[in-house]
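Note sheet for the following structure.
Letters A, B, ... are given to chains in the order of the sequence lines, protein chains preceding strands, and every chain is numbered from 1.
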Amino acid sequence: MFDIKWIRDNPTAFDAALANRKNVPFSAAQLIGIDEQRRATIQRLNDAQEKRNATSKLIGQAKAQKDETRVAALMAEVAGLKDIIQSGEAEQRELDTKLRDALSVIPNMPLDGVPIGDDETGNIEYFGRNGTAETAATIRAPRPVFAFAPKEHYETGEAMGQMDFEIAAKISGSRFVVLKSDLARLERAIGQFMLDLHVDEHGYTEVQPPLLVKDDALFGTNQLPKFEDDLFFVPHGDGRLALIPTAEVPMTNLVRETIVAEDELPLRFTALTPCFRSEAGSAGRDTRGMLRQHQFNKVEMVAITTPETSTDEHEKMLGDAEDVLQKLGIHYRVMTLCTGDMGFGAQKTYDIEAWLPGQDTYREISSVSVCGDFQARRMDARFKGKDGKVRHVHTLNGSGVAVGRALIAVMENYQQEDGSIAIPAVLQPYMRGRTSIGGRS
RNA sequence: GGAGAGGUGGCCGAGUGGUCGAAGGCGCACGCCUGGAAAGUGUGUAGGCGGGUAACCGUCUCAAGGGUUCGAAUCCCUUUCUCUCCGCCA
């Protein structure tokens, strides 16, 4: 969410920066208009309150002196103020809400250098800071070469008898899956491996967050008010709770309404949780296989930083997510999302796309975003600097990575001609040392 | 789910209608004292909003939101959280 004071001071910069984003419902001039009404109201209200407070003090003194005529005179003087103050307070509440509602549906401002474009065709491949395609190729696994036609994950999974969409549909409907036996264990192994990696080697604190969250938490991480349709809700008391669409929600909100000391930053959190998404807007997309499910596991990373360090942290977090694929030996590329393809709250986003030989294409497996103070403002998360000043923190989030999609990537990249799946070396300790599953055994 | 007790500044804690943004203590910061430290001592120690170049001024905040009153930390209502006991429970 934007700071209205900043918009007031930089109206042309505001309009220019958001010109390349979609769905910007208000211009700087419109917002400033609401704000001017609001400030005029505050001024009137403050003046009336000042008068009331001063006079009330005099009444107190007069009462102490038992000067009843003076008391009566003073009370007559403030008689009309009560109504003015009450209506002024109501008016201010109304204008505060109006301004907040308007600000809360404006997307974040892209950082300088984010490519300008309308959709995913405007995204640009990224090879790391000062990186090139050549240097990237030295650390990323190459595409695997097959002596046979590689299959899609659901073909091998169903042939193994360990991935069942039909029974899942009977139990829960479309966009669910049942994994069994070695494949279920492999899914678990991937999740454990990634979580351990981030905790043991990348400096993140492991978190077991709530999976059901309040509307306020969702507002903090931008899911509300605009993206309510993407969520599942359960009734609770007179209200409701949402199933988290990502652990970004509870983990970023760990700092909501707090002021942390600068020397505690950066905070780095990671969690392995189920995620729940209604996929309301994606009917017909990716209906085969487990690419797009209502429920999936994901390892999520969240970082809380100072404003000065957030872009460096963004590069680090991207590297942490890439490390997962490098250690798994899966070929991938990184894309810098363009202005038209970025999420609502992001200043800049890198997507990691894993190579899926069965589909003969790259598919998103991780998304790493820096949000600046956009979310911090929404949930009032601040830090006290070494200079004593209190400012909003910066927040970042990234998948490290989606477990279900990583399973797909392993299945497709490590498939063998006999229908078995080789186990990447880093996962073997989590698989009782086995080197392959499925196939003719 | 039932019954009761509570939520005051970084922490503890006083405060039941008027000069209380809030005594006192702890902690912290700076200074004095000291060879240095401890002890002692002095000063300072929240955030939001509005106005102002600034110093500063005004206003709001004693869990949150409403209300009563000329005036609310203090009275009333609602919500929420914590604690104790009972019930239920992986």
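- Counted within 6.0 Å of CD on E94(A), heavy atoms from surrounding residues, nucleotides or ligands total 12 or fewer; the atom is thus considered open.
- Atom name P, nucleotides U16(B) and A23(B): the rounded distance is 15 Å, in whole Å.
- In this structure, I85(A) atom CD1 and G58(B) atom C1' are separated by 13 Å, rounded to whole Å.
- Residue D351(A) is tested with S367(A), S366(A), S399(A) for a side-chain hydrogen bond (donor to acceptor under 3.5 Å, both in side chains); the sole match is S367(A).
- Of the charged side-chain nitrogens involved, none lies within less than 4.0 Å of a carboxylate oxygen, so that R188(A) and D182(A) do not count as a salt-bridged pair.
- If you check every strand for non-hydrogen atoms under 4.0 Å, R8(A) touches sugar and phosphate atoms only.
- Listed pair N53(A) / U19(B) fails the phosphate criterion, with no side-chain N or O lying under 4.0 Å from OP1 or OP2.
- Nucleotide G51(B) holds its C1' atom 14 Å from the CG atom of D35(A), rounded to whole Å.
- Between K51(A) and the phosphate of C70(B), there is no side-chain N or O to OP1/OP2 separation shorter than 4.0 Å.
- More than 12 heavy atoms of other residues, nucleotides or ligands lie within 6.0 Å of CZ in R129(A), so this atom counts as buried by the packing criterion.
- Of the residues listed (K348(A), M342(A), R21(A), Q375(A)), the one engaging N108(A) in a side-chain contact (heavy atoms from CB on, under 4.5 Å) is R21(A), and it is the only one.
- Distances were taken from every side-chain heavy atom of E50(A) (C-beta onward) to each of G18(B), G50(B), U59(B); the shortest belongs to U59(B).
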Reading RNA chain B 5' to 3', what string of ( ), [ ], | and . shows its pairs, if Watson-Crick and G-U wobble pairs count only when both distances fall under 3.5 Å? ((((((((.[[[..)..(.....]]]((((((.......))))))((((((....)))))).[[[[[..)....]]]]])))))))....
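- With P as the reference atom, G58(B) and G2(B) are 48 Å apart, rounded to whole Å.
- No hydrogens or angles considered: a donor-acceptor pair under 3.5 Å links the side chains of S310(A) and H394(A).
- T69(A) and D67(A) form a side-chain donor-acceptor contact under 3.5 Å, judged by distance and modelled atom types alone.
- Between C26(B) and U43(B), the distance separating the two P atoms is 14 Å to the nearest Å.
- Looking at the side chain of I42(A), the nearest of the listed nucleotides G50(B), G71(B), G47(B) is G50(B).
- Taking 4.0 angstrom as the limit, Q86(A) places a side-chain polar atom (N or O) nearer than this to OP1 or OP2 of U68(B).
- The side chain of R52(A) sits closest to C60(B) out of U19(B), G48(B), C60(B).
- Considering only side-chain N and O atoms, K82(A) lies under 4.0 angstrom from the phosphate OP1 or OP2 of U69(B).
- Phosphate proximity of C49(B) to R38(A): absent, as no side-chain N or O sits under 4.0 Å from OP1 or OP2.
- Using C1' as the reference atom, C20(B) and G31(B) are 30 Å apart when rounded to the nearest Å.
- Proximity note for N46(A) (side chain, C-beta onward) versus U68(B), C70(B), U59(B): the nearest is U59(B).
- Rounded to whole angstrom, the span from the CD1 atom of I84(A) across to the P atom of U59(B) amounts to 16 Å.
- The interatomic distance linking E77(A) (CD) with U69(B) (P) rounds to 20 Å, in whole Å.
- Distance CZ (R70(A)) to C1' (G18(B)): 15 Å, rounded to an integer number of Å.
- Of the candidates G50(B), U68(B), G47(B), the closest approach to any side-chain atom of K5(A) belongs to G50(B).
- One P atom belongs to C60(B), the other to G67(B), and the distance between them is 15 Å to the nearest Å.
- Heavy atoms from other residues, nucleotides or ligands lying under 6.0 Å from CD of E308(A) number more than 12.
- With G66(B), U59(B), G18(B) as the choices, the nucleotide that has an atom nearest any side-chain atom of K63(A) turns out to be G18(B).
- Summarising the local packing, CG of D112(A) is surrounded by 12 or fewer heavy atoms from other residues, nucleotides or ligands at distances under 6.0 Å.
- Comparing C83(B) with G25(B), their P atoms sit 31 Å apart, to the nearest whole Å.
- Atoms CD (E257(A)) and C1' (G10(B)) sit 18 Å apart, rounded to a whole Å.
- If you take atom C1' in G71(B) and the same atom in G27(B), they sit 35 Å apart, rounded to whole Å.
- Checking C70(B), U59(B), G50(B) against every side-chain atom of I59(A), the shortest atom distance belongs to C70(B).
- Along RNA chain B, the nucleotide nearest to R382(A) and the one nearest to K214(A) differ in position, and the one closer to the 5' end is contacted by R382(A).
- Judged purely by atom type and a 3.5 angstrom limit, S104(A) uses its side chain to pair as donor or acceptor with the backbone of D101(A).
- Among the nucleotides G48(B), C49(B), G51(B), the one closest to any side-chain atom of R39(A) is G51(B).
- Comparing U84(B) with C32(B), their C1' atoms are spaced 49 Å from each other, to the whole Å.
- As rounded to whole Å, 10 Å separates atom P of G50(B) from atom CD1 of I4(A).
- Between the CG atom of D83(A) and the P atom of C70(B) there is a distance of 11 Å, given to the nearest Å.
- For R93(A), a side-chain nitrogen or oxygen approaches OP1 or OP2 of G66(B) to under 4.0 Å.
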